[in-house]
S.K.: 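First the structure, which I've put down as structure tokens, then a few questions once you've had a look.
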2 protein chains.
Amino acid sequence: MSIVIKDTEIPGREGRFDVLVEDDIIAGISHSEDGDRVISGAGKYLLPGFVNTHCHAAMSLFRGYADDLPLQIWLNEHIWPLESKLTAEDVYWGTKLACLEMIKSGTVAFNDMYFFMEAAARGVEEMGMKATLSHGFIDLGDEGRREEEIKRTEKFVAHIPGSKLVKPALGPHGVYTVSREGLEWCSRYSRKHELGVHMHLAETEQEMEQFGEGYQGNITDYLGEIGLLNNRLIGAHCVWLDDMDMENISRAGATVSHNPVSNMKLGVGKPMDYPFMRSAGVRVTLGTDSCASNNSLDMLETAKMAALQQKMGGDPTVLTAVEAYHMITRGGAEALNTGGGVIEEGMAADMILLEKGVKGAPGHNPISDIIYSLKGSDVTHVMINGRIVMGDRKVDNEDEIVREATARAMRLLKEVA
Amino acid sequence: MSIVIKDTEIPGREGRFDVLVEDDIIAGISHSEDGDRVISGAGKYLLPGFVNTHCHAAMSLFRGYADDLPLQIWLNEHIWPLESKLTAEDVYWGTKLACLEMIKSGTVAFNDMYFFMEAAARGVEEMGMKATLSHGFIDLGDEGRREEEIKRTEKFVAHIPGSKLVKPALGPHGVYTVSREGLEWCSRYSRKHELGVHMHLAETEQEMEQFGEGYQGNITDYLGEIGLLNNRLIGAHCVWLDDMDMENISRAGATVSHNPVSNMKLGVGKPMDYPFMRSAGVRVTLGTDSCASNNSLDMLETAKMAALQQKMGGDPTVLTAVEAYHMITRGGAEALNTGGGVIEEGMAADMILLEKGVKGAPGHNPISDIIYSLKGSDVTHVMINGRIVMGDRKVDNEDEIVREATARAMRLLKEVA
């Protein structure tokens with residue numbers, strides 16, 4: 001089946017276009033395309049769908065549960081007690097709630113790390129999104145726990161052989177929560193099976209002193225020795241890296257997932273050093289982190305905040321709208337190997353329509369309007385792999401997902417009460 | 001005529017309520033009210049409408065025209081050349097475009113300073129919003145220009161005798177753009193006619209060295225000597241005030257309009273010192289500033305950014321969701337004397353309905369969800385002075401306003417080309 005999006009504007013191109021999709025691929029961009037199904041793109045921008053490179057989707061169940069608290073109290077007294085009661089069904093519904101919010105705000109693909117990931121994968125497939133999923137591997141230096149995490153990881157990777165939508169990855173949680181032996185296993189396993197690695201990296205200052213049991217070098221030297229610092233790595237946060245670390249990341253071709261909203265909300269202490277990363281040639285992408293520390297999964301909001309956060313110090317020319325736009329489209333898509341990220345023939349048909357409306361007027365600069373003025377709610381259509389997962393702002397089974405996820409969250413509350 | 005909002009949730013109260021509006025006043029809140037017209041509030045929060053305490057509405061015509069530029073280049077090379085070509089009709093349509101965006105994101109009242117304010121007032125009245133409007137008084141130390149500004153201000157105040165919706169105020173632009181004599185005239189005129197004063201205050205570091213021709217004291221001492229530092233003053237920005245200034249503002253009962261998005265986007269250099277203001281008891285409210293430096297007029301976005309900006313330095317307990325909520329509702333309403341700001345019997349019926357939907361699930365904490373997760377686009381109904389100005393997300397004449405404002409902006413571009 002073919003779908004044609006008629007009479008739409010594509011940021012970066014002059015004029016209006018028809019865009020033809022055949023199966024899961026963009027098959028034609030011209031002034032006159034025909035297809036089996038026609039969607040009007042008039043008054044709208046057609047963009048690559050957004051890519052969120054750091055998330056814990058199922059934590060949407062905890063949205064608003066504990067805000068405005070110090071990080072350790074938030075984790076120890078609120079989030080971890082709830083997480084200890086989580087079941088696979090909770091993760092399934094929590095993931096679906098997150099996917100629903102992501103789709104409705106234009107996200108087509110995300111990078112996720114959590115528990116019960118078989119259940120998460122089922123939720124993602126049903127929602128029709130693309131995702132790279134990893135089991136959050138945490139051994140806290142304990143050998144028995146490490147063996148369990150290895151088994152869980154192997155089981156998850158075997159369970160998810162990879163589909164057009166969902167891919168498995170390794171998820172060593174961080175250098176302060178996984179032993180060197182655990183990290184080395186992840187490194188070997190990732191190399192052997194050619195899997196991506198998703199880990200937290202340099203989120204807090206404290207973390208920078210809590211790794212490697214007396215290891216004297218830099219955090220990226222440590223990762224390099226272990227074999228994790230390469231182009232399969234996506235490091236989330238990267239706030240407390242020094243210049244040498246950022247150079248190392250650039251040389252290795254690893255990807256940074258910058259999470260400005262979560263960093264600000266949890267008070268990690270300073271903005272990530274984007275200007276240095278940019279000059280060092282690091283691939284910087286954007287993530288929301290979980291709904292427990294954001295409390296939103298809206299990539300347009302994240303893109304605006306990323307730009308604002310960098311400019312605050314005094315230079316309004318840092319992190320432009322064009323750079324933010326690239327981060328949430330092509331940059332993220334390349335990091336997750338989605339095959340999309342650009343509106344060009346032959347690319348995966350992961351695209352969204354964004355209504356200009358009131359906030360897109362008068363329309364002096366489309367990219368600027370998209371990043372600084374338009375909102376996730378202006379997304380009207382989402383296509384992933386050539387399939388319409390949202391049409392005219394409607395997603396299948398919305399009410400059911402909200403109802404079931406809410407019931408799951410309320411059950412968790414009762415369990416910890 | 002009476003209107004009843006049925007079966008709604010009011011943040012801060014347990015249970016569901018019917019809220020009765022008679023004429024322009026909240027007349028009853030109980031579990032069973034009847035009225036001539038019924039609006040369902042099921043699945044929604046009923047809140048006081050938001051109040052934006054610093055705006056230049058008509059600048060929505062310049063949205064996206066010049067972003068990611070240094071402040072002085074932005075002003076000198078881009079904004080001022082366009083402004084020099086502005087006509088009253090441009091301001092009328094630009095103001096209507098801004099009002100439309102504000103209404104659609106839940107704002108009921110705003111504090112505006114610009115030019116051709118008779119035209120702005122006409123636009124605001126037609127849109128049914130509340131606003132305090134001031135002619136932006138700028139003399140740059142020139143006596144002739146001062147006389148003209150005095151005449152313009154007097155003419156504007158005479159033209160706007162005050163209605164239930166629109167009130168005039170004095171608008172001395174700032175201490176660096178208005179001479180001491182000009183400020184003194186504004187002070188006397190404001191006292192004589194009991195008018196509010198809306199001015200920029202301590203937005204940039206540069207400004208702190210450019211006032212009073214050799215004046216040695218603090219900026220708030222200067223305002224105090226002139227007679228402007230009192231409870232009629234709303235000072236916008238207040239980033240570069242020192243502790244003594246903030247104490248002075250607190251003692252005088254003046255209001256601060258904090259504009260975090262604009263401050264970050266223009267790179268004013270540091271966050272406003274909210275923790276000190278809070279401990280000093282200063283009334284802090286929130287503003288968007290204009291769409292040329294934001295580029296959005298969404299108060300929920302501004303509230304979230306205000307909280308995030310303050311937390312970034314390391315303390316996630318600073319500026320909580322509850323404080324941000326207060327700033328954009330009751331705080332702003334008290335500063336502008338709208339008569340609303342609280343859902344209580346006898347208060348002005350300036351209220352909005354906010355749909356919980358996907359982003360309001362699972363709903364652990366309504367205020368937290370409102371500030372950190374829900375968006376302006378979740379507003380479904382806006383009532384101002386008892387009149388529904390938006391029902392089911394629809395505002396009258398939306399397409400016409402977008403079309404006319406866009407045409408006006410395009411004409412301005414041609415004029416400067």
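Every chain is numbered from 1 and lettered A, B, ... according to where its sequence line falls, protein lines coming before strand lines.
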S.K.: Table up the donor-acceptor pairs between chain A and chain B that sit under 3.5 Å, atom names plus distance.
M.R.:
from	atom 1	to	atom 2	distance (Å)
Leu61(A)	O	His364(B)	NE2	2.7
Arg63(A)	NE	Lys359(B)	O	3.2
Arg63(A)	NE	Ala361(B)	O	2.8
Arg63(A)	NH1	Ser373(B)	OG	3.2
Arg63(A)	NH2	Val358(B)	O	3.1
Arg63(A)	NH2	Ala361(B)	O	3.1
Asp67(A)	OD2	Ser368(B)	OG	2.1
Asp68(A)	OD1	Lys311(B)	NZ	2.8
Asp68(A)	OD1	Tyr372(B)	OH	2.5
Asp68(A)	OD2	Ala321(B)	N	2.9
Gly269(A)	N	Met312(B)	O	3.1
Asn294(A)	O	Lys304(B)	NZ	2.9
Asn294(A)	OD1	Lys304(B)	NZ	3.1
Ser296(A)	OG	Lys375(B)	NZ	3.0
Glu301(A)	OE1	Lys375(B)	NZ	2.5
Glu301(A)	OE2	Lys304(B)	NZ	2.7
Lys304(A)	NZ	Asn294(B)	O	2.9
Lys304(A)	NZ	Asn294(B)	OD1	3.1
Lys304(A)	NZ	Glu301(B)	OE2	2.6
Lys311(A)	NZ	Asp68(B)	OD1	2.8
Met312(A)	O	Gly269(B)	N	3.1
Ala321(A)	N	Asp68(B)	OD2	2.9
Val358(A)	O	Arg63(B)	NH2	3.1
Lys359(A)	O	Arg63(B)	NE	3.2
Ala361(A)	O	Arg63(B)	NE	2.8
Ala361(A)	O	Arg63(B)	NH2	3.1
His364(A)	NE2	Leu61(B)	O	2.7
Ser368(A)	OG	Asp67(B)	OD2	2.1
Tyr372(A)	OH	Asp68(B)	OD1	2.5
Ser373(A)	OG	Arg63(B)	NH1	3.2
Lys375(A)	NZ	Ser296(B)	OG	3.0
Lys375(A)	NZ	Glu301(B)	OE1	2.5
Ser377(A)	OG	Ser377(B)	OG	2.8

S.K.: Less than 4.5 Å to any heavy atom of chain A: does that hold for the side chain of Leu69(B), its backbone, both, or neither?
M.R.: backbone
S.K.: Check Met410(B) against Pro362(A) and note the closest heavy-atom contact, atom names and distance.
M.R.: CE-O, 3.5 Å
S.K.: Mind checking the CE-CD1 spacing from Met299(A) to Ile352(A)? Nearest 0.5 Å is all I need.
M.R.: 11.0 Å
S.K.: Specify which of Pro316(B), Pro366(B), Pro260(B) makes the most heavy-atom pairs with chain A at under 4.5 Å.
M.R.: Pro316(B)
S.K.: Could you walk me through whether Met312(A) and Met312(B) pass the side-chain contact (heavy atoms from CB on, under 4.5 Å) check?
M.R.: CA-CA 11 Å; Met312(A) 182 165 67; Met312(B) 183 167 65; 2.8 Å; yes
S.K.: Quick check on Leu97(B) against chain A: is it the side chain, the backbone, both or neither that has a heavy atom closer than 4.5 Å?
M.R.: both
S.K.: How close do Leu75(A) and Pro81(A) get, heavy atom to heavy atom, and via which atoms?
M.R.: O-CD, 3.9 Å
S.K.: Quick check on Val268(B) against chain A: is it the side chain, the backbone, both or neither that has a heavy atom closer than 4.5 Å?
M.R.: backbone
S.K.: Counting heavy-atom pairs under 4.5 Å to chain A, which of Leu61(B), Leu319(B), Leu266(B) comes out on top?
M.R.: Leu61(B)
S.K.: What part of Leu413(B) lies closer than 4.5 angstrom to a heavy atom of chain A: side chain, backbone, both or neither?
M.R.: side chain
S.K.: Name the member of Ala321(B), Gly376(B), Gly314(B) that forms the most heavy-atom pairs with chain A at distances under 4.5 Å.
M.R.: Gly314(B)
S.K.: Which atoms of Ala307(B) are under 4.5 Å from chain A, going by heavy atoms: the side chain, the backbone, both sets, or neither?
M.R.: neither
S.K.: Measure Val261(A) against the heavy atoms of chain B and call it side chain, backbone, both or neither at under 4.5 Å.
M.R.: both
S.K.: Pair Met129(A), Val389(A) - check side-chain contact (heavy atoms from CB on, under 4.5 Å), show working.
M.R.: CA-CA 8 Å; Met129(A) 287 191 79; Val389(A) 297; 5.9 Å; no
S.K.: Rounded to the nearest 0.5 Å, what's the gap from CG on Leu297(B) to CG on Leu100(B)? Could you check?
M.R.: 10.5 Å
S.K.: Rounded to the nearest 0.5 Å, how far does CD1 of Ile79(B) lie from CZ of Phe62(B)?
M.R.: 6.0 Å
S.K.: Determine the option with the most heavy-atom pairs under 4.5 angstrom with chain B, choosing from Pro271(A), Gly269(A), Pro70(A), Ala405(A).
M.R.: Gly269(A)
S.K.: For residues Leu354(B) and Val379(B), report the shortest heavy-atom separation together with the two atoms involved.
M.R.: CD1-CG2, 3.5 Å
